[in-house]
*Asks:* 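Provided herewith is a single structure, encoded as structure tokens, for subsequent inquiry.
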Amino acid sequence: MTYTVAQLQAEIARRAPWYQCISFPQHGIATTDNAANAMLDGAWDNKTDHNTIEEAARLRPRPKWDAIGTFLPSVQGLEVLEIGSNCGFFSFEFARRGAKSVTGLDVAPKWLENAEWARAVLGFDNVRFFNCDFMRYDGLPQPAPGLLSNSDWQIPLPDRQFDLVFMSTVLDHLFFPLFAIYKMCRISRRWVVIDVPAADVPADESMARLSVAADQSHHGFTFSPKFLTTYIGRLGIPATDIQTRIYNGGRNVSYIVDVRRFSQGLQGA
Ligand SMILES: C[S@@+](CC[C@H](N)C(=O)[O-])C[C@H]1O[C@@H](n2cnc3c(N)ncnc32)[C@H](O)[C@@H]1O
């Protein structure tokens, strides 16, 4: 369907709230131009010295992209997997940068429906979205939806299916974050990129912190860079293949892991 600007604005409002600011360059508007359409929670992962916490939520994740976009590996011609793709922001940016294909996964149907709608409006034929828990993701063309539960007897561990696997502000909210890193290292052929908050955790100390929301709706792990790089190294990836990019005054960190020398022969349990 072709939209006029007024029709697009009406559809954006109907689909609110928007967790991400998705731009429609041909129409000259974005999903969160009107603050009433934005999810105005504490967007600390997009807070910088130059914005307020409300601006961070309205622009999310543009402030982060402006920083990490300068040091991410090239995605030109690559098959990319984004885990926790939400409304599609990073998936669309990877497509703009010349990715051969982008697969976005998200466990929340509402975000995925908005992502799929925006994808169709933007005309990205090489981007596809699946409603799926990453832990259950098997890389098949039609992965099974649903949350990981104790009724699952097998957790798929596909090998080497994408060139670059990307995850932004998701690892910290998972129940099994270390296992997710292992799965990412297996499912990638070349790069794993993990971006997480790092505020108030000393880079040179080996530690992890777990905080739980008062209403129990979610939790956040904060790992020190030393902890995570030691863990990734323990999986069998040489330290020289793990880049740690601390940015935004120490509030955020990206781990860029070259998994080509990843050894799958783990010892021990
Ligand atoms: C804090 S948001 C971050 C969204 C986006 N990556 C960004 O940085 O703007 C976390 C996202 O991950 C999704 N998510 C959480 N657990 C997931 C899982 N196990 N598998 C797939 N998606 C998940 C959530 O639904 C949500 O869209």
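Quantities reported herein were computed from a predicted structural model and do not represent experimental measurements. Whatever order the structure lists ligands and atoms in, that order sets their numbers, starting from 1.
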*Asks:* Could you tell me whether Ser168 and ligand 1 have an N or O pair separated by under 3.5 Å?
*Replies:* yes
*Asks:* Look at the side-chain heavy atoms of Ile, Leu, Val, Met, Phe, Trp and Tyr, link any pair under 4.5 Å apart, and say whether Leu78 and Val259 land in one connected group.
*Replies:* no
*Asks:* Output the list of atoms in ligand 1 that are nearer than 4.0 Å to some heavy atom of Cys132, sorted by atom number.
*Replies:* 20 (N), 21 (C)
*Asks:* Does Gly84, backbone or side chain, put an N or O under 3.5 Å from an N or O of ligand 1?
*Replies:* yes
*Asks:* For the residue pair Met167 and Leu174, establish whether any side-chain heavy-atom pair is separated by less than 4.5 Å.
*Replies:* yes
*Asks:* Side chain or backbone, does Ile83 bring an N or O within less than 3.5 Å of an N or O on ligand 1?
*Replies:* no
*Asks:* Using a 3.5 Å cut-off on N or O atoms only, is Lys64 in polar contact with ligand 1?
*Replies:* no
*Asks:* Could you tell me which atoms of ligand 1, counted from 1 in the order shown, lie closer than 4.0 angstrom to a heavy atom of Asp133?
*Replies:* 18 (C), 19 (N), 20 (N)
*Asks:* Which one of Asp172, Val107, Asp106, Asn86 has a non-hydrogen atom at the shortest distance from atom 15 (C) of ligand 1?
*Replies:* Val107
*Asks:* Could you see which bit of Leu174 sits under 4.0 Å from ligand 1, with heavy atoms only: side chain, backbone, both or neither?
*Replies:* side chain
*Asks:* Purely on distance, is any nitrogen or oxygen of His173 under 3.5 Å from one on ligand 1?
*Replies:* no
*Asks:* Run the ring-centre check on Phe175 versus His219 and record whether the distance is less than 6.0 Å.
*Replies:* yes
*Asks:* Applying salt bridge (Lys or Arg N to Asp or Glu O under 4.0 Å) as the test, list every pair that has at least one member in residues 51-60; sequence neighbours left out.
*Replies:* Asp41-Arg60
*Asks:* Does anything in residues 29-38 form a side-chain hydrogen bond (donor to acceptor under 3.5 Å, both in side chains)? List the pairs, not counting sequence neighbours.
*Replies:* none
*Asks:* Using a cut-off of 6.0 Å, state whether more than 12 heavy atoms not belonging to Arg15 lie near its atom CZ.
*Replies:* yes
